[in-house]
There are 2 protein chains.
Amino acid sequence: MPRVSRTQAAQNRELTVQAAAELFRERGVDHVSVQDIMAAVGLTHGGFYRQFDSKEALLPEAARYAYDSMTARLTRLDASTADHAAAQHQFIQSYLSAAHRDRPGRGCPTAGLIQDIARTDSAETRDLLTSGVAQLGEWLDQPGGDGLVTACTLIGALLVSRAAAGSPLSDQVLERVAAALASPD
Amino acid sequence: MPRVSRTQAAQNRELTVQAAAELFRERGVDHVSVQDIMAAVGLTHGGFYRQFDSKEALLPEAARYAYDSMTARLTRLDASTADHAAAQHQFIQSYLSAAHRDRPGRGCPTAGLIQDIARTDSAETRDLLTSGVAQLGEWLDQPGGDGLVTACTLIGALLVSRAAAGSPLSDQVLERVAAALASPD
DNA sequence: CAGATCAGATGATCTACACCATTTAAAATA
DNA sequence: TATTTTAAATGGTGTAGATCATCTGATCTG
């Protein structure tokens, strides 16, 4: 059924970006077809190219959406906890949870998109990762240690845990990194 | 020119695995064609399927080769330094170097293959990563801190640095993580 | 050294997908 | 309501690349 209201069309576009943001993080850009994305929204692949220039052009938009979600999450955490240190602690706990490991689609944009961003030509997309990591690093900063280093540790641990999924090491990594980040060293 | 001596054929097979190990780490399995691999060895794509069942089947062999190289490197480092702590220090320095960032093809197998291994169905391949990370973690162990955590930090930092290549953050990450791992905290 | 073997070359097939030209009809507008 | 827009569907086209059937001739075996 062709033609939908303007607002509906705009919403469809928005939903397409969101679906891409989820699927890209889950499977990686290469393992998601335009059909997959459109099917996730309940549309057919044909209309895609009226809204976007190419599948590649969707990556920056998807990345922006994912990073915006992360920023919103950090803000929400600060609002709902006693102090920033408590927010940091809670973030680290959930970042290193099995749930986060097993659900990359709604998880950390950096962890989910890092490889696709590493090989994209789009400077815009690369900038999104760069500022996202910098922002997270600052948010994680604390008297005792460099937040940027903490961010790298979290990202590395999550990626290793995902790649090792199924083996005992996968859980061990999450536990031991959480323990190390909790103790003052 | 068809038909080559047995030893030549065996060497060709070996070279194919090595080329795949390099190309896979550089570009990721999806961005390397069977032709690319065979061309790197100086052969045509046709003969590939006499030696290997599929491109997928090459991943475990390539991963094994890459991890063996890493193990050899660690052993060599221990042999060429005063004590293990010195070897660890030197490893960390070179791991976090711009050269390592810019040359994934010969670099850390975990950093290079982590996404492809995360997606593969091959338990054998996943086991290679698992034991590789565990081994590196033990090798990096020290009185002050958990080597597995250090390994995650290194891997995360390298991946972030690669994805951010070109921006100042890319160098910053390497420097600040190196500084953090050098100081006792 | 004759016959069997098989590494590697050639060329083709088959599939998956990105991308696009065209159509349709509902919504927007006048 | 008549006209104009345009979102989305349909149905391709073109290409890349994995896989394989077949051929060739050098190497290996007896």
Side-chain angles (χ1 to χ4, degrees), chain A residues 1-24 26-63 113 115-116 119-122 125, chain B residues 1-24 26-63 113 115-116 119-122 125:
Chain A
M1 51 205 90
R3 193 63 203 254
V4 168
S5 77
R6 262 148 211 266
T7 47
Q8 183 58 251
Q11 193 189 349
N12 284 346
R13 191 184 198 286
E14 179 79 12
L15 289 173
T16 303
V17 171
Q18 290 176 20
E22 179 155 355
L23 290 171
F24 284 174
E26 243 168 43
R27 303 188 220 156
V29 173
D30 293 329
H31 288 74
V32 175
S33 69
V34 170
Q35 272 195 26
D36 291 336
I37 299 166
M38 295 307 272
V41 186
L43 300 175
T44 56
H45 65 282
F48 179 84
Y49 290 91
R50 183 168 300 274
Q51 298 282 2
F52 305 97
D53 284 346
S54 65
K55 187 172 82 161
E56 270 292 297
L58 207 47
L59 182 57
E61 297 207 39
L113 303 174
Q115 294 281 46
D116 286 314
R119 56 177 88 90
T120 188
D121 291 330
S122 154
T125 311
Chain B
M1 48 204 91
R3 193 63 203 256
V4 168
S5 78
R6 262 146 211 268
T7 46
Q8 183 58 250
Q11 192 190 351
N12 284 346
R13 191 186 199 283
E14 179 78 14
L15 289 173
T16 303
V17 171
Q18 290 175 22
E22 179 155 356
L23 291 171
F24 284 173
E26 244 168 42
R27 302 189 220 155
V29 173
D30 293 329
H31 289 73
V32 175
S33 69
V34 169
Q35 273 195 27
D36 291 336
I37 300 166
M38 296 306 272
V41 185
L43 300 175
T44 56
H45 65 282
F48 179 83
Y49 290 90
R50 185 169 298 276
Q51 298 282 2
F52 305 97
D53 285 346
S54 64
K55 189 173 81 162
E56 270 291 298
L58 207 47
L59 183 57
E61 297 207 39
L113 303 174
Q115 293 283 46
D116 286 314
R119 274 194 263 296
T120 189
D121 291 330
S122 153
T125 311

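All values below come from the heavy atoms of this structure, side chains included, with hydrogens, waters and symmetry mates left out. Lettering follows sequence order; numbering is per chain, from 1.
For the OP1/OP2 pair of D:dC20 and a distance below 4.0 Å, the side-chain nitrogens and oxygens of B:Y49 include no atom meeting the criterion. Residue B:Q51 has a polar side-chain atom (N or O) positioned under 4.0 Å from OP1 or OP2 of C:dG8.
Atom C1' of nucleotide C:dC19 and atom CG of A:D53 are separated by 12 Å, given to the nearest angstrom. One atom, CG of A:L58, and another, P of C:dA18, lie 11 Å apart when rounded to the nearest Å. Here the P atom of nucleotide C:dG8 and the CD1 atom of B:I37 are 15 Å apart, to the nearest Å. Here D:dT19 presents its C1' atom at 14 Å from CZ of B:R50, a figure rounded to the nearest Å. Per the geometry, CZ belonging to B:F52 stands 13 Å off C1' belonging to C:dG8, to the nearest Å. The CD atom of B:Q35 sits 11 Å away from the P atom of C:dT10 (whole-angstrom rounding). The CZ-P distance, from A:F48 to D:dA7, rounds to 15 Å in whole Å. A:E56 places its CD atom 16 Å from the P atom of C:dC17, with the value rounded to the nearest Å.
For a distance-only test at 3.5 Å, the side chain of A:H45 qualifies as a donor-acceptor partner of the base of D:dG11.
Within the nucleic acid shown, B:V32 comes within 4.0 Å of sugar-phosphate atoms alone, with no base atom in reach, counting heavy atoms only.
Side-chain N or O atoms of B:T16 include one that pairs as donor or acceptor with a backbone N or O of B:N12 at under 3.5 Å. Between the side chain of B:D116 and the backbone N or O of B:V29 there is at least one donor-acceptor pair closer than 3.5 Å.
In this structure, A:L43 and B:D36 both approach DNA chain D, and ranking their closest nucleotides by distance from the 5' end singles out A:L43.
For B:A9, the listed nucleotide lying nearest its side chain is C:dA7; candidates were D:dT6, C:dA7, D:dG17. Picking from D:dT22, D:dA18, D:dA7 the nucleotide with the shortest atom distance to the side chain of B:K55 gives D:dA18. Distances from the side chain of A:T44 to the nucleotides C:dT22, D:dT10, C:dC17 place D:dT10 closest. Of the candidates D:dG17, D:dT6, C:dA9, D:dG17 carries the atom nearest the B:S33 side chain, counting heavy atoms from C-beta on. When each of D:dA7, C:dC19, D:dC23 is scored by its nearest atom to the side-chain atoms of A:S54, the top-ranked nucleotide is C:dC19.
The CD atom of A:Q18 sits 11.5 Å away from atom CD of A:E61, with the distance rounded to the nearest 0.5 Å. Once rounded to the nearest 0.5 Å, the distance linking CE of A:M38 with CG of A:D36 reads 12.0 Å. Separation of atoms CD (B:Q51) and CG (B:L58) is listed at 10.5 Å; rounding is to 0.5 Å.
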